[in-house]
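Every heavy atom of this structure was used, including side-chain atoms; hydrogens, water molecules and symmetry mates were not. Residue numbers count from 1 along this sequence. Here the structure is a predicted model, which means the values were calculated and not measured.
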Amino acid sequence: MVSGKNLAPASSPSAFYGAEVRRLREEKGLSQSGLGELVFCSGAYIGQIEVAVRKPQADLSGRLDAALGTGGHFTRLYPMVARTRHAAHFARAAELESQAETISHYAPTLVTGLLQTADYARAVVRAAKPFASAEAVDDTVTARLERARILAGPTAPLLWVILHEAVIRMPVGGGRVMADQLRHLTTLAEDGQLLLQVLPFSAGAHAMATGSLFLMTFAEAPPVAYVEGPYSGQLLDDPAIVARCQRSYDLARAVALSPETSLALVRSAAEEYAHE
């Protein structure tokens with residue numbers, strides 16, 4: 001059974017796409033598993049698409065058209081479903097983030113977008129896109145802030161974040177912006193919305209030194225990992241690779257400061273920035 005958590009609105013392109021998959025599948029007398037076999041995916045994935053919990057992958061629409069004999073119907077629908085305010089390489093990870101039961105993240109240089117304040121996010125976006133219009137920057141910042149909605153309410157994921165000490169030492173946006181950002185992190189941690197650790201410079205080389213990592217687990221689907229680089233990202237679902245990512249995260253967690261010591265360090269850094 002597919003969870004009803006974070007279903008798309010009934011009028012959304014994703015909901016219409018899913019309803020069409022179900023209608024045409026049933027007209028062909030196919031089960032979700034039967035259609036999945038024809039288009040090389042699991043029946044559970046078909047079920048998630050039908051109730052708009054998951055969006056289809058880019059190449060699935062063509063296979064659905066071939067399997068269901070729709071004359072390109074799903075290929076024509078897909079561009080509307082695929083529209084997103086997030087970077088293309090992160091769009092699918094953002095979709096899964098809203099459905100996760102647990103999220104573990106290692107951030108080597110910047111506060112993760114899920115936890116950024118508006119001013120911090122604006123400074124990050126403006127640095128990456130110095131020639132972008134104010135409207136484009138505002139749109140990106142708004143989309144980033146909207147991700148934080150998943151942290152409120154009874155279905156909020158359990159969130160564990162490890163920040164390298166470089167994150168709190170790099171003055172993104174200046175002293176006031178950094179003070180507000182670090183205070184935001186401590187507030188979330190104090191309110192039980194976040195378990196925060198800092199991996200100090202003194203730890204030296206560590207298992208996560210190669211870059212950023214998201215790990216997400218779900219109630220009714222296998223865990224995934226997401227790794228990101230400049231203007232690119234990759235969602236990993238191979239069980240062996242995800243397990244290796246989890247081990248690396250666990251090793252980094254083992255050499256990070258305790259949550260209590262980490263919060264004390266973040267509070268101290270916030271006060272230093274506030275008095276600059």
Undergrad: Have T102 and T217 got a donor and an acceptor in their side chains that come within less than 3.5 Å?
TA: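 Yes, side-chain donor-acceptor contact under 3.5 Å.
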Undergrad: Do L188 and L196 sit in the same hydrophobic cluster, where Ile, Leu, Val, Met, Phe, Trp and Tyr count as joined when their side-chain heavy atoms come under 4.5 Å apart?
TA: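 Looking at the clustering, L196 is in the same group as L188.
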Undergrad: Report yes or no: do L265 and M170 belong to one cluster of Ile/Leu/Val/Met/Phe/Trp/Tyr joined by side chain heavy-atom distances under 4.5 Å?
TA: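 L265 clusters together with M170.
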Undergrad: Shortest non-hydrogen contact from Q48 to A221?
TA: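 Closest approach of Q48 to A221: NE2-CB, 4.2 Å.
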Undergrad: Tell me, yes or no, whether the heavy-atom count around E135 atom CD, taken from other residues, nucleotides or ligands under 6.0 Å, exceeds 12.
TA: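 No.
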Undergrad: Kindly compute the distance separating CD (E97) from CE (M216), expressed to the nearest 0.5 Å.
TA: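 It is 6.5 Å, given to the nearest 0.5 Å.
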Undergrad: Indicate yes or no for a side-chain donor-acceptor contact from E165 to the backbone of V198 under 3.5 Å, with no hydrogens or angles considered.
TA: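 Side chain of E165 to backbone of V198: no pair is present.
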Undergrad: Show your reasoning for whether side-chain contact (heavy atoms from CB on, under 4.5 Å) applies to L158 and L195.
TA: CA-CA 8 Å; L158 298 177; L195 199 157; over 6 Å; no
Undergrad: Charged N to carboxylate O below 4.0 Å: is that the case for E50 and R23?
TA: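 R23 and E50: not salt-bridged.
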Undergrad: One pair to check against side-chain hydrogen bond (donor to acceptor under 3.5 Å, both in side chains): Y226 and E228. What are the steps and the verdict?
TA: CA-CA 7 Å; Y226 175 76; E228 190 170 62; 2.9 Å; yes
Undergrad: To the nearest 0.5 Å, tell me how far R122 CZ sits from Q116 CD.
TA: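 Between R122 CZ and Q116 CD, I get 11.5 Å after rounding to 0.5 Å.
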Undergrad: Main chain of R267, side chain of T186: is a donor-acceptor contact present, judged purely on distance under 3.5 Å?
TA: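 Not confirmed, T186 side chain does not pair with R267 backbone.
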Undergrad: Between CD of Q246 and OG of S104, what distance do you get to the nearest 0.5 Å?
TA: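 It is 6.0 Å, given to the nearest 0.5 Å.
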Undergrad: Hey, does L185 have a side-chain heavy atom less than 4.5 Å from the side chain of L263?
TA: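 When only atoms from C-beta onward are counted, L185 and L263 do not touch, as no gap falls below 4.5 Å.
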Undergrad: Quick one, L60 and Y78 - any side-chain contact, counting heavy atoms below 4.5 Å?
TA: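 With C-beta onward as the side chain, the pair stays apart.
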Undergrad: Mind checking whether L64 and T70 have side chains closer than 4.5 Å, heavy atoms only?
TA: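 No. Closest side-chain heavy atoms not under 4.5 Å.
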Undergrad: Side chains of H105 and I162: closer than 4.5 Å at any heavy-atom pair?
TA: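 No; the side chains remain at least 4.5 Å from each other.
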Undergrad: Less than 4.5 Å apart, side chain to side chain, heavy atoms only: is that true for D119 and R176?
TA: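 Of all side-chain heavy-atom pairs linking R176 with D119, at least one is under 4.5 Å.
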Undergrad: Are any of the side-chain heavy atoms of H206 and L251 separated by less than 4.5 Å?
TA: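 Side-chain contact under 4.5 Å: no.
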Undergrad: What is the distance from atom CZ of R149 to atom OG of S98, rounded to the nearest 0.5 Å?
TA: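 So the CZ of R149 and the OG of S98 are separated by 12.0 Å.
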Undergrad: Does the D65 side chain pair with the main chain of T75, one donor and one acceptor, at a distance under 3.5 Å?
TA: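 Yes, the answer is positive, given that a donor and an acceptor are paired below the 3.5 Å cut-off.
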Undergrad: Is it true that a side-chain atom of S268 and a backbone atom of A264 form a donor plus acceptor pair closer than 3.5 Å?
TA: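 Flag not set: sc S268 to bb A264 has no pair under 3.5 Å.
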Undergrad: Are any non-hydrogen side-chain atoms of L215 and L213 less than 4.5 angstrom apart?
TA: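 Answer yes - side chains close enough.
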Undergrad: Is it the case that one hydrophobic cluster holds both V124 and L114, taking links as side-chain heavy atoms less than 4.5 Å apart, direct or via other members?
TA: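 V124 and L114: one cluster.
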Undergrad: Any luck finding a side-chain donor-acceptor pair between T117 and D180 under 3.5 Å?
TA: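 No - no donor-acceptor pair under 3.5 Å links their side chains.
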Undergrad: Are the side chains of L68 and L30 in touch, meaning some heavy atoms are under 4.5 Å apart?
TA: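 A side-chain contact exists here, since the closest heavy-atom pair is under 4.5 Å.
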Undergrad: Mind checking whether L24 and L35 sit in one hydrophobic cluster, side chains of I, L, V, M, F, W, Y counted as touching below 4.5 Å?
TA: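 Yes, L24 connects to L35 through the hydrophobic network.
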Undergrad: Checking the side chain of R126 only, and the main-chain atoms of A132 only, is there a donor and an acceptor separated by less than 3.5 Å?
TA: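 Between the backbone of A132 and the side chain of R126 there is a qualifying donor-acceptor contact (under 3.5 Å).
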Undergrad: Which heavy atom of L182 sits nearest a heavy atom of V266, and at what distance?
TA: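 In terms of heavy atoms, the two residues are closest at O-CG1, 3.6 Å.
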Undergrad: How far does CZ of R144 sit from OG1 of T112, to the nearest 0.5 angstrom?
TA: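 Output value for this atom pair is 9.0 Å.
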Undergrad: Please walk me through it: do L194 and W160 pass side-chain contact (heavy atoms from CB on, under 4.5 Å)?
TA: CA-CA 6 Å; L194 163 68; W160 193 318; over 6 Å; no
Undergrad: How close do R253 and Q197 get, heavy atom to heavy atom, and via which atoms?
TA: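 For R253 versus Q197, the nearest heavy atoms are CG-OE1, 3.1 Å.
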Undergrad: Using the rule given for side-chain contact (heavy atoms from CB on, under 4.5 Å), can you reason through S61 versus L77, listing the C-alpha separation, both sets of side-chain angles and the distance that settles it, and then say yes or no?
TA: CA-CA 8 Å; S61 294; L77 287 177; over 6 Å; no
Undergrad: Could I get the full list of side chain to side chain donor-acceptor pair (under 3.5 Å) partners for Q193, not counting sequence neighbours?
TA: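 Partners of Q193 by the side chain to side chain donor-acceptor pair (under 3.5 Å) criterion come out as none, since no residue qualifies.
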Undergrad: Measure up the H164 and Y106 rings against each other and bin them: parallel (under 30°), tilted (30 to 60°), perpendicular (over 60°).
TA: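 It falls in the perpendicular class, over 60°.
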Undergrad: What distance separates S202 OG from L257 CG, expressed to the nearest 0.5 Å?
TA: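 That separation rounds to 6.5 Å.
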Undergrad: For the pair R22 and E27, evaluate salt bridge (charged side-chain N to carboxylate O under 4.0 Å, His left out) and give the outcome as yes or no after the intermediate values.
TA: CA-CA 8 Å; R22 179 175 181 178; E27 285 182 3; over 6 Å; no
Undergrad: Using the rule that Ile, Leu, Val, Met, Phe, Trp and Tyr join whenever any side-chain heavy atoms are under 4.5 Å apart, tell me whether L145 and L151 fall into a single cluster.
TA: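 In one cluster: no.
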Undergrad: Kindly give the heavy-atom pair with the smallest separation between G211 and P108, and that separation in Å.
TA: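 The answer is C-CG, 4.1 Å.
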Undergrad: Do the side chain of Y120 and the main chain of V111 share a donor and acceptor less than 3.5 angstrom apart?
TA: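 It does hold such a pair.
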Undergrad: Which atom names give the shortest non-hydrogen contact between P223 and V242, and what distance separates them?
TA: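 The answer is O-CG2, 4.0 Å.
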Undergrad: What do you reckon, is CZ of R169 surrounded by more than 12 foreign heavy atoms closer than 6.0 Å?
TA: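 Yes, because the 6.0 Å sphere around CZ of R169 holds more than 12 heavy atoms from other groups.
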Undergrad: Could you work out the complete set of other residues in the hydrophobic cluster of F40, with links drawn between I, L, V, M, F, W and Y side chains under 4.5 Å apart?
TA: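 For F40, no cluster forms, as it stays isolated from other hydrophobic side chains.
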Undergrad: In terms of side-chain geometry, is the basic nitrogen of E190 or R183 positioned less than 4.0 Å from the acidic oxygen of its partner?
TA: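 Salt bridge between E190 and R183, a charged N being under 4.0 Å from a carboxylate O: no.
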Undergrad: Please name the pair of heavy atoms, one in V177 and one in G173, separated by the smallest distance, quoted to 0.1 Å.
TA: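 Nearest pair, atom of V177 first, then G173: CG2-O, 3.4 Å.
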Undergrad: Look only at the side chain of Q181 and the backbone of L115, and say whether a donor-acceptor pair between them is shorter than 3.5 Å.
TA: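 Indeed, once roles are kept as given, a pair shorter than 3.5 Å links the two residues.
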